[in-house]
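We're numbering straight along the sequence, starting at 1.
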Amino acid sequence: MKLVFAVISMFFFMSCSSQGKKEIVGETDFQKKMNAKFKDASTSPLTKKGLKKFNGLDFFPVNAKYKVKAKLIKTPDGQTFNFPTTTDRIAVYRKYGEIHFTIDGKDLKLNLYKNQLPTFGYETHLFLPFLDKTNGSTSYGGGRFIDVLTTDELKDGTMEIDFNKAYNPYCAYSDRYSCPITPKENYLDIEVKAGVMAYKK
């Protein structure tokens with residue numbers, strides 16, 4: 001009888017503990033990963049006030065048309081320049097190349113940039129910022145970013161770009177961050193209803 005009581009008590013304790021923890025929400029691995037990062041105080045860009053209220057980021061519905069196959073045209077002679085940021089911090093980049101792709105029958109182009117002073121572990125990372133017609137309404141006014149790696153290029157000179165994985169710079173969540181400013185040349189004359197939406201403070 002004591003054994004049965006002990007098992008029941010343990011099950012009750014475990015059930016109560018699991019109910020106290022909020023499940024990480026999200027439709028895709030990307031969304032769940034983003035929400036887990038924002039929920040964790042050690043990795044979240046949110047303020048203390050924002051963290052207390054956080055229940056999950058808002059995302060546009062996942063749409064396959066925003067997952068595109070882009071042609072990469074490299075610019076090996078691209079000049080190094082100081083990339084403007086939201087603070088006095090100097091970010092040194094060079095134009096790595098251009099990606100050409102199509103969405104809804106419209107030919108589009110974005111520039112890819114490479115940090116010339118990357119932190120350890122980010123040597124293969126490329127910077128892909130973009131602006132579009134949703135900025136300032138349903139998405140962050142300063143544009144969004146997509147993670148791209150030099151190793152993403154395939155043998156045929158193409159790479160997959162998934163706008164469903166577009167995210168906001170940390171400056172969208174707190175003034176304590178210094179973020180690169182998306183250049184106007186990376187403006188897409190369409191609505192990109194994909195990825196993370198505007199953050200409601």
- Look at the aromatic rings of Tyr170 and Phe38 and report parallel, tilted or perpendicular, splitting at 30° and 60°. perpendicular

request  = Assess the side chains of Arg89 and Thr87: does a donor N or O sit below 3.5 Å from an acceptor N or O?
outcome  = no

Taken to the nearest 0.5 Å, the spacing of Ser174 OG from Leu51 CG works out to 11.5 Å

*Return yes when atom CG of Asp175 has more than 12 non-hydrogen atoms of other residues, nucleotides or ligands closer than 6.0 Å, and no otherwise.*
no

Note: Arg94 and Gly78 closest approach over all heavy atoms is CD-O, 3.9 Å

Minimal heavy-atom distance between Val25 and Asn55, with the atoms involved, is CG2-O, 3.8 Å

The ring-ring contact (aromatic ring centres under 6.0 Å, His included) partners of Phe120 (sequence neighbours excluded) come to none

Item checked: Residue pair Ser44 / Asp40, side-chain donor-acceptor N/O under 3.5 Å -> no

* **Side-chain donor or acceptor of Asp104 paired with backbone N/O of Lys106 under 3.5 Å** => no

- Would Val62 and Ile146 show up in the same hydrophobic cluster when neighbours are defined by side-chain heavy atoms closer than 4.5 Å? no

Do Lys133 and Asp189 have side chains that get closer than 4.5 Å, going by heavy atoms?
-> yes

For Asp132 and Thr134 the tightest heavy-atom approach is OD2-OG1, 2.7 Å

Q: Give the C-alpha distance, both sets of side-chain angles, the deciding distance and a yes or no for side chain to side chain contact (heavy atoms under 4.5 Å, CB included) between Thr150 and Lys114.
A: CA-CA 9 Å; Thr150 57; Lys114 190 160 194 327; 4.1 Å; yes

- Look at atom NZ of Lys193 and say whether more than 12 heavy atoms of other residues, nucleotides or ligands are closer to it than 6.0 Å. no

Open item on the list: Can you confirm whether Ile73 is buried at CD1, in the sense that more than 12 heavy atoms of other residues, nucleotides or ligands lie under 6.0 Å from that atom?
Closed with: yes

Taking Asn35 for the side chain and Leu57 for the main chain, is one N or O donor matched with an acceptor at less than 3.5 Å? yes

If you define the side chain from C-beta out and look only at heavy atoms, does anything of Ile181 sit under 4.5 Å from Thr86? yes

**Study point:** Glu185 CD: over 12 foreign heavy atoms closer than 6.0 Å
**Key:** yes

Subject >> Close side-chain approach of Asp156 to Lys69, heavy-atom, < 4.5 Å >> reply: yes

Rounded to the nearest 0.5 angstrom, the OG1-NZ distance for Thr47 and Lys52 is 10.0 Å

Here the gap from Leu108 atom CG to Asn186 atom CG, rounded to the nearest 0.5 Å, amounts to 11.5 Å

- Begin from the C-alpha positions of Leu112 and Met159 and carry the test side chain to side chain contact (heavy atoms under 4.5 Å, CB included) through to its verdict. CA-CA 12 Å; Leu112 274 172; Met159 57 171 49; 4.1 Å; yes

Separation between CG (Asn135) and CD (Glu191), nearest 0.5 Å, reads 10.5 Å

message = Count I, L, V, M, F, W, Y as connected when their side-chain heavy atoms are under 4.5 Å apart, and connections chain through other members. Are Ile99 and Tyr96 then in the same cluster?
response = yes

Between Ala172 and Tyr199 the two heavy atoms that sit nearest each other are O-CD2, 3.6 Å

Just wondering, do Tyr93 and Phe81 contact through their side chains at under 4.5 Å, heavy atoms?
yes

Problem set entry | ILVMFWY cluster, Phe145 and Leu46 together (side-chain gap under 4.5 Å) | yes

Here the gap from Glu123 atom CD to Thr119 atom OG1, rounded to the nearest 0.5 Å, amounts to 7.5 Å

(request) For the pair Tyr66 and Phe60, evaluate side chain to side chain contact (heavy atoms under 4.5 Å, CB included) and give the outcome as yes or no after the intermediate values. (result) CA-CA 11 Å; Tyr66 292 116; Phe60 286 100; over 6 Å; no

By ring-ring contact (aromatic ring centres under 6.0 Å, His included), Phe101 pairs with (sequence neighbours left out) Phe163

Which of Cys179, Pro45, Ser178 passes side chain to side chain contact (heavy atoms under 4.5 Å, CB included) with Cys171? It is Cys179

Are Leu110 and Ile103 linked, directly or through intermediate hydrophobic residues, by side-chain heavy-atom contacts shorter than 4.5 Å (ILVMFWY only)? yes

| query | Are side-chain heavy atoms of Asn115 and His125 found at a separation under 4.5 Å? | reply | no

- Message: Are there over 12 heavy-atom neighbours, none belonging to Lys33, within less than 6.0 Å of that residue's NZ?
- Response: no

Test log, rule side chain to side chain contact (heavy atoms under 4.5 Å, CB included), inputs Ile161 and Phe130: CA-CA 12 Å; Ile161 304 296; Phe130 71 95; over 6 Å; no

All heavy atoms of Gly157 vs all of Lys71, minimum pair found to be O-CD, 3.7 Å

When every non-hydrogen atom of Asn82 is compared with those of Val92, the smallest separation belongs to OD1-CG2, 3.9 Å

Is it possible for you to say whether Tyr177 and Tyr167 belong to one hydrophobic cluster, with membership spreading through side-chain heavy-atom contacts below 4.5 Å?
no

**Prompt:** Is any side-chain heavy atom of Pro180 less than 4.5 Å from a side-chain heavy atom of Tyr113?
**Reply:** no

| Are Lys165 and Asp147 close enough for a salt bridge, meaning some N to O gap below 4.0 Å? | no

